[in-house]
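Data block below; observations after.
Since the structure is predicted, the reported quantities are computational estimates derived from the model, not experimental observations. Chain identifiers are assigned alphabetically (A, B, ...) following the order of the sequence lines, protein sequences preceding nucleic acid strands; residue numbering begins at 1 within each chain.
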2 protein chains.
Amino acid sequence: MTPISEEEVLLLHRYVCEGIADPKRLMLLYYVAERPRNVSELTELLDVAQPTVSHHLRILRERGLVVAERDGTSIFYSLSDPRILQAIEILRAYVADLMTGRASVVNKA
Amino acid sequence: MTPISEEEVLLLHRYVCEGIADPKRLMLLYYVAERPRNVSELTELLDVAQPTVSHHLRILRERGLVVAERDGTSIFYSLSDPRILQAIEILRAYVADLMTGRASVVNKA
DNA sequence: GTGAAGCATCGATATATTTGAATATATAGA
DNA sequence: TCTATATATTCAAATATATCGATGCTTCAC
């Protein structure tokens with residue numbers, strides 16, 4: 001593990017961690033990872049107001065986590081890089097173990 | 001990629017994403033991943049007030065991301081599970097590519 | 001038991017974030 | 001051009017978070 005600098009941590013925070021720091025945005029990432037989806041579809045899936053979805057999509061887009069492509073009046077969003085979900089899936093497995101008492105913190109006893 | 005439920009996303013958010021959503025906490029995770037460190041040392045490393053460090057450590061501790069062990073009057077913190085930094089390192093590599101124009105979003109052109 | 005060191009908690013302030021109603025903008029079709 | 005549809009933006013309110021001084025608690029040495 002290469003030591004990390006404070007500047008690198010700030011970039012990591014600004015471009016990724018801040019982006020995945022909301023449950024709605026996590027759901028959005030999973031939804032657009034399956035296939036490109038437009039805002040209307042995402043609004044139905046998330047069950048929140050459309051401006052709220054646009055707000056979260058903007059945060060994801062500004063950080064480069066998702067990409068937007070217009071098709072007529074619709075705008076389709078998709079995941080920009082598979083590593084984003086790859087990392088989240090590792091954390092998801094960790095949490096799953098945590099919930100079933102299999103995470104390493106529990107095994108230390 | 002197994003579909004994720006809304007409840008699972010909420011757990012993922014509560015136990016991990018919320019925990020790594022602050023640059024100071026990211027630094028703390030990297031510091032305690034090297035070796036167990038006590039609060040005084042972490043306070044010097046982070047260059048913030050001691051209550052601020054304790055606050056962040058509490059957030060990490062409550063989520064199970066770090067574990068605390070007392071030794072005399074000191075309390076040493078360490079990383080609870082290597083997968084946490086493993087995932088963060090993937091995101092770190094992604095951001096590094098993003099900064100040098102090598103991330104997949106750029107390569108789509 | 002007393003004092004000191006190390007850490008946690010409390011309380012207050014400043015700042016940031018989430019949310020949605022209202023509104024603006026952009027595209028397509030008639 | 002006019003209208004409908006889809007999305008973005010603005011604005012305000014509510015909520016959450018970060019920070020640190022003051023203080024409390026625990027442990028150890030004497």
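The residue among B:His55 and A:Gly72 whose nearest nucleotide of DNA chain C is located toward the 5' end is B:His55. Taking the nucleotide of DNA chain C with the nearest heavy atom to each of B:Thr52 and A:Pro51, the more 5' of the two is matched to B:Thr52.
At the heavy-atom level, A:Glu18 lies under 4.0 Å from the strands shown only through sugar-phosphate atoms. A:Phe76 comes within 4.0 angstrom of no nucleic acid atom, judged by non-hydrogen atoms across all strands. Base contact: A:Ser54 has a heavy atom under 4.0 Å from a base atom. Counting non-hydrogen atoms under 4.0 angstrom, B:Ile59 reaches the backbone sugars and phosphates but no base. Residue A:Val48 is classed as a sugar-phosphate contact, given heavy-atom separations below 4.0 Å to backbone atoms only.
Looking at the side chain of A:Val39, the nearest of the listed nucleotides C:dC7, D:dA8, D:dT19 is D:dA8. Proximity note for A:Arg61 (side chain, C-beta onward) versus D:dT9, C:dC7, C:dT19: the nearest is D:dT9. Among the nucleotides D:dT19, C:dG6, D:dT7, the one closest to any side-chain atom of B:Ser40 is C:dG6. Of the candidate nucleotides D:dT19, D:dA8, C:dA28, C:dA28 has the atom nearest to the side chain of A:Thr73. Relative to the side chain of B:Arg58, the nucleotides D:dA6, C:dC10, C:dC7 differ in distance, and C:dC10 lies closest.
Look at CD1 on B:Ile75: it is 11 Å from P on D:dT26, rounded to the nearest Å.
Within the 4.0 Å cut-off from OP1 or OP2 of C:dG6, not a single side-chain nitrogen or oxygen of B:Tyr77 is found. Contact check, A:Ser74 against C:dT27: no side-chain N or O comes under 4.0 Å of OP1 or OP2. Distances shorter than 4.0 Å separate some side-chain N or O of B:Arg25 from OP1 or OP2 on D:dA18.
Using a cutoff of 4.0 Å between basic side-chain nitrogens and carboxylate oxygens, A:Glu41 and A:Arg35 are scored as salt-bridged. Taking 4.0 Å as the cut-off between side-chain N and carboxylate O, A:Arg14 and A:Glu62 do not count as a salt-bridged pair. Using a cutoff of 4.0 Å between basic side-chain nitrogens and carboxylate oxygens, B:Arg83 and B:Asp81 are scored as salt-bridged.
In terms of polar N and O atoms assigned as donor or acceptor, the side chain of A:Gln50 never comes within less than 3.5 Å of the base of D:dA6 in a complementary pairing.
A side-chain donor-acceptor contact under 3.5 Å links A:Tyr30 and A:Glu89.
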